[in-house]
Amino acid sequence: MTLAGALNASLRRALEDDPKVRISGEDVGRLGGVFRVTDGLQKDFGETRVSDSPLAESGIVGTAIGLALRGYRPVVEIQFDGFVFPAFNQIVTQLAKMHARSLGTVRLPVVVRIPYGGGIGAIEHHSESPEAYFMHTAGLKVVSPATAEDGYWMLRQAIQSDDPVIFFEPKRRYWDKAPVDTSVAPAPLHKARVVRPGTDATLVTYGPTVRVGLEAAAAAAEDGTSLEVVDLRSLSPLDFAAVRASVEKTGRLVVVHEAPVFVGPGAEIAARVQEQCFYHLEAPVLRVGGFHAPYPPSRLEDDYLPGLDRVLDSVDQVLAY
C-alpha cells in the first residue's frame with residue numbers, strides 16, 4: 001500500500017468496528033480529502049459519519065471536543081499543517097486540559113490528523129512542521145508514522161486511545177509504497193524502533209526524514225561507516241530508553257527532522273542525551289533540521305530541508321572526534 005492508502009484502510013476499519021467513530025474536516029467527504037486519504041468513505045458510510053465541515057479549524061476541533069464529551073470518537077483532519085493555528089486554542093486549552101481539569105473523570109478520545117512537512121512544492125502554511133508546539137503541551141499524545149504499515153496501525157491505535165492524539169502525517173511520503181500486514185500490529189503506539197542497526201553513530205529521526213536517515217546510512221556504509229537509524233514514531237510520550245540504548249552503543253548521535261533546529265524536537269533529545277549519556281558520548285550531539293526562518297518558496301525548499309548531504313556532513317563531524 002501507499003501511506004495514503006494505508007491510512008484510508010485504517011479509517012475504514014475504524015468506521016466498521018466502532019459506530020461511535022466520526023470523521024470530519026474540510027473536503028474529507030465528497031472530495032475524499034486533498035490528498036485522497038478519506039476517498040470513498042463518505043460514499044460507503046454516509047454523511048453523518050464522514051462529514052465535510054466549514055472552513056473553520058477552531059470549529060472543527062471544538063465540535064470534536066463536544067462529540068467526545070457525548071461518547072463519540074471523532075477523527076478530524078486539518079487540511080494542511082499551517083492551518084492548525086486557528087484551532088490551537090481549542091487544542092491546548094480545552095482538548096489537552098480536560099482530563100486533568102476534571103480530575104480524571106472526563107476523557108477526550110479525539111484524533112487530530114495533520115498532513116505536515118515540505119517536499120511537495122507548496123508554499124508557507126502548507127509545508128510547516130509544528131510538532132514542537134504540541135509536544136510542549138501536557139495532555140496530548142503526538143505521533144508520526146514513517147511507513148505505510150506504521151500509518152495503518154498507528155492510526156488504529158490512536159483512534160482506540162482514550163486520550164487526545166495529534167497525528168502528524170508526512171505528506172511527501174503519502175505515495176511511498178511498502179508491504180502492510182494488517183493482521184498484527186508491529187509495535188505499541190509509543191515505542192521507537194531501530195530500523196537499521198549500526199555501531200559507529202546513531203541517527204535519530206521520525207516521519208518524513210526516516211527515509212533520509214536510511215539513505216544516509218546506506219551511503220555511509222559504502223565508505224565503511226555503520227550508522228544506526230532509530231525511528232522515534234512517537235514524540236510525546238518519547239521513547240527515550242530506545243535512544244539511550246543506541247547512544248550508549250555507538251557513542252555518537254545526530255538528530256534529524258524537518259522542523260527548525262531552534263527549540264525543535266531535537267533540542268529536547270540532545271539535552272536528555274547530554275544529561276543521561278554523558279560518559280558514553282565520544283562527540284557532541286548534532287542536530288540537522290530546518291532553519292529559523294519562514295518556510296521558503298518551493299524553488300528553495302531543497303536548500304531548507306535536511307537532505308542527504310547535510311546529514312552526512314554532520315555524521316562526518318561527529319566521527320571526526
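Under a cutoff of 6.0 Å and an axis angle of 45°, R272 and F240 form a cation-pi pair.
A donor-acceptor pair shorter than 3.5 Å cannot be found between the side chains of E228 and T250. Judged purely by distance below 3.5 Å, without hydrogens or angles, the side chains of Y116 and E258 never pair a donor atom with an acceptor atom. Looking only at atom types and distance, the side chain of Q94 has a donor-acceptor partner in the side chain of R101 under 3.5 Å away. No side-chain donor-acceptor contact under 3.5 Å links T225 and D223.
Using a 30° and 60° split on the angle between ring planes, F83 and F80 fall in the perpendicular class, above 60°. Y133 and F85 have perpendicular rings, their planes meeting at more than 60° on a 0 to 90° scale where under 30° would count as parallel.
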Point to revise | Working for side chain to side chain contact (heavy atoms under 4.5 Å, CB included), residues V84 and F134 | key: CA-CA 11 Å; V84 74; F134 302 101; 3.9 Å; yes

Practice item. Test side chain to side chain contact (heavy atoms under 4.5 Å, CB included) on Y174 and R36 and set out the steps. Key: CA-CA 10 Å; Y174 271 144; R36 302 301 186 268; over 6 Å; no

Practice item. Take Y206 and H257, measure what side chain to side chain contact (heavy atoms under 4.5 Å, CB included) needs, and give me the verdict at the end. Key: CA-CA 7 Å; Y206 59 88; H257 52 61; 3.3 Å; yes

Practice item. Take D176 and R211 through the salt bridge (charged side-chain N to carboxylate O under 4.0 Å, His left out) test and state the conclusion after the steps. Key: CA-CA 10 Å; D176 288 1; R211 194 170 92 178; 3.0 Å; yes

Review point. Can you check side chain to side chain contact (heavy atoms under 4.5 Å, CB included) on L95 and V112, steps first, answer last?
Key: CA-CA 10 Å; L95 188 61; V112 182; 4.1 Å; yes

Practice item. Begin with the C-alpha distance, continue with both residues' side-chain angles, and end with the deciding distance and a verdict on salt bridge (charged side-chain N to carboxylate O under 4.0 Å, His left out) for R193 and D239. Key: CA-CA 9 Å; R193 187 163 60 232; D239 183 8; over 6 Å; no

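A donor-acceptor distance shorter than 3.5 angstrom exists from the side chain of S102 to the backbone of M98, with no hydrogens or angles considered. Counting only distance, with no hydrogens or angles, the side chain of T38 and the backbone of V28 share a donor-acceptor pair below 3.5 Å.
With a 4.5 Å cut-off on side-chain heavy atoms, S161 and P109 do not count as touching. When side chains are defined from C-beta on, L305 does not count as touching F291, because their heavy atoms never get closer than 4.5 Å.
The number of heavy atoms from other shown groups lying within 6.0 Å of CZ (F88) is above 12. In this structure, Q276 places its CD atom where more than 12 heavy-atom neighbours from other residues, nucleotides or ligands lie under 6.0 Å away.
With respect to the salt-bridge test (charged N to carboxylate O, under 4.0 angstrom), the residues E77 and R113 qualify.
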